[in-house]
Amino acid sequence: MKNKCAVVISLLTLTSLLLAACGNAPSQTEGNIRLVASTTIVGDVVRQVAGEEADLLVLIPPGSDPHTFEPRPQDIAALSEADVVFVNGLDLEEALEPALQANTAGLLVTVSDGIEVLAFDRDHEQSQASEGEGDEHGAGDPHTWMDPNNVIIWAQNIAAALAQADPQNGDTYQRSADAYIAELQALDGWIRAQVAQVPEAQRKLVSDHATFGYFAGEYGFEQVGLVIPGLSTNAAPSAQELASLENAIREQAVKAIFVDKTVNPALSQQVAADTGVQVVFVYTGSLSEAGGEADSYLKFMRYNVITLVNALKP
């Protein structure tokens, strides 16, 4: 009888230890909503609304060009397991679109829905398409995040999608979105104060490709020209287009060419050398690495605005 009791006690003790061990083991992502975001910028805004406890994977790593990124096998698996997949839309993630359509099992949310989309001059794009260098973007300018007022719409769309996928936490998501929207509104006011340092006559932008449309329209800048005449880095300028750009830079006394840190700067540097202006590097398609100078959307915008103002002000 004593032996039987000892066996029972041993089994109970072992069971208790196993249960305790399970209880102390990290649960990882069990029970958390599973989210995928296309770009680092979309991912950061999703994180602000979803909270740190959400299981979030960002497909396109920092420093990568969203126009050309192609998914890896682990990215395909993540798409099939996610509760919600968030993308910018407007053909920004053109290389990702086949994988998104074929493998997304949960909600597929375009955060830019509801934004008044800017059109783009089709003449350049049609000439490139005829040469086999297509840069269609028929939906319009995808770089909606360059105006924080558009990111307010992102936050609202994200909160609504999260509440649909996880109704019991819907109020929490909305409170987080509201708090983040207040930060975006403060950012907008700060940008206006910074831009006021640049006389209107000097608010002239030349960039490597068409990334500043929303920013220029909101804050009173003129886009004088583009090194790459399109919305994507896939296009290629003709000699005639480069000559026309260089003439415009000289005639309008443009002070700088703004180049995305993810883009090869060689062509912009050539134009800058020909015209005697400076090349200034900014973040447009990606955040920096974690811990870097632009590792959140708010820091990204502040970095860009300070850099732009310092390059253009008297």
Side-chain angles (χ1 to χ4, degrees), residues 27-62 64 66-67 69-117 137-145 147-181 183-184 214 285-287 296-297:
S27 60
Q28 296 181 356
T29 60
E30 184 177 353
N32 292 345
I33 190 169
R34 294 167 298 183
L35 309 174
V36 169
S38 57
T39 72
T40 54
I41 298 171
V42 173
D44 181 64
V45 181
V46 169
R47 174 64 72 198
Q48 303 309 313
V49 179
E52 293 297 328
E53 66 279 0
D55 177 7
L56 173 64
L57 171 70
V58 176
L59 295 178
I60 304 174
S64 298
H67 294 288
F69 177 82
E70 295 186 5
R72 304 155 297 182
Q74 59 265 40
D75 299 327
I76 301 298
L79 290 172
S80 66
E81 296 170 358
D83 298 304
V84 192
V85 175
F86 294 96
V87 298
N88 176 84
L90 301 174
D91 295 338
L92 179 79
E93 301 95 344
E94 53 194 323
L96 268 175
E97 286 175 5
L100 290 167
Q101 296 300 327
N103 298 283
T104 302
L107 291 176
L108 179 57
V109 178
T110 299
V111 296
S112 297
D113 278 351
I115 289 172
E116 185 176 346
V117 177
H137 283 296
D141 187 343
H143 304 93
T144 59
W145 63 89
D147 176 2
N149 296 285
N150 289 337
V151 179
I152 289 174
I153 297 174
W154 282 24
Q156 293 166 340
N157 290 338
I158 291 165
L162 292 172
Q164 181 180 344
D166 182 21
Q168 64 182 356
N169 291 309
D171 290 343
T172 301
Y173 298 134
Q174 189 58 57
R175 284 194 297 271
S176 296
D178 291 343
Y180 188 57
I181 287 169
E183 292 189 84
L184 294 170
Y214 295 95
S286 169
L287 302 182
S296 72
Y297 174 72

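FYI, side chains are in, hydrogens and waters are out, and symmetry mates aren't considered; it's all heavy atoms of this structure.
Distance alone, capped at 3.5 Å, places no donor-acceptor pair between the Asn150 side chain and the Trp145 backbone. Judged purely by atom type and a 3.5 angstrom limit, Asn103 uses its side chain to pair as donor or acceptor with the backbone of Ala99.
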Checklist line | Steps toward salt bridge (Lys or Arg N to Asp or Glu O under 4.0 Å) verdict (Arg47, Asp44) | finding: CA-CA 5 Å; Arg47 174 64 72 198; Asp44 181 64; over 6 Å; no
Checklist line | Criterion side chain to side chain contact (heavy atoms under 4.5 Å, CB included) on Val87 and Leu96, from CA distance to verdict | finding: CA-CA 10 Å; Val87 298; Leu96 268 175; over 6 Å; no
Next item on the list: For the pair Leu59 and Leu79, evaluate side chain to side chain contact (heavy atoms under 4.5 Å, CB included) and give the outcome as yes or no after the intermediate values.
Entry: CA-CA 9 Å; Leu59 295 178; Leu79 290 172; 4.1 Å; yes
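In this structure, the ring pair (Phe, Tyr, Trp, His ring centres under 6.0 Å) partners of Tyr297, at least two apart in sequence or on a different chain, are Phe300.
Across all their heavy atoms, Phe86 and Leu35 have their closest contact at CE1-CD2, 4.1 Å. Heavy-atom minimum distance, Thr39 versus Pro66: CG2-CB, 4.1 Å. For the pair Asn157 and Asp113, the tightest heavy-atom approach, listed with the atom from each and the gap, is ND2-O, 2.8 Å. The shortest heavy-atom contact between Ile33 and Asp166 is CD1-CB, 3.8 Å. Of all the heavy atoms in Ala95 and Pro98, the pair that sits closest is O-CD, 3.8 Å. Considering all non-hydrogen atoms of both residues, Tyr214 and Glu116 come closest at CE2-O, 3.7 Å.
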Show which side-chain atoms of residues 104-112 pair as donor or acceptor with protein atoms under 3.5 Å away, not counting sequence neighbours.
from, atom 1, to, atom 2, distance (Å)
Thr104, OG1, Leu100, O, 2.7
Ser112, OG, Asn88, O, 3.0
Ser112, OG, Asn88, OD1, 3.3
Ser112, OG, Thr144, OG1, 3.0
Ser112, OG, Trp154, NE1, 3.3

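How far NE2 of His143 is from CG of Asp147: 14.0 Å, rounded to the nearest 0.5 Å. To the nearest 0.5 Å, atom CG of residue Leu92 and atom CD1 of residue Ile41 are 8.5 Å apart. One distance of note links CG of Asp171 with CD of Gln174; it measures 8.5 Å at 0.5 Å rounding. Interatomic distance, Leu57 CG to Asp75 CG, rounded to the nearest 0.5 Å: 6.5 Å. Atoms OG1 and CG, on Thr40 and Leu287 in that order, are 3.5 Å from each other to the nearest 0.5 Å. Atom CD of Glu53 sits about 7.5 Å away from atom CG of Asn169, to the nearest 0.5 Å.
No more than 12 heavy atoms of other residues, nucleotides or ligands sit less than 6.0 Å from atom CD of Glu70.
Between Gln48 and Ile158, every side-chain heavy-atom pair lies at or beyond the 4.5 Å cut-off. Using a 4.5 Å heavy-atom threshold, the side chains of Asp91 and Pro142 count as separate.
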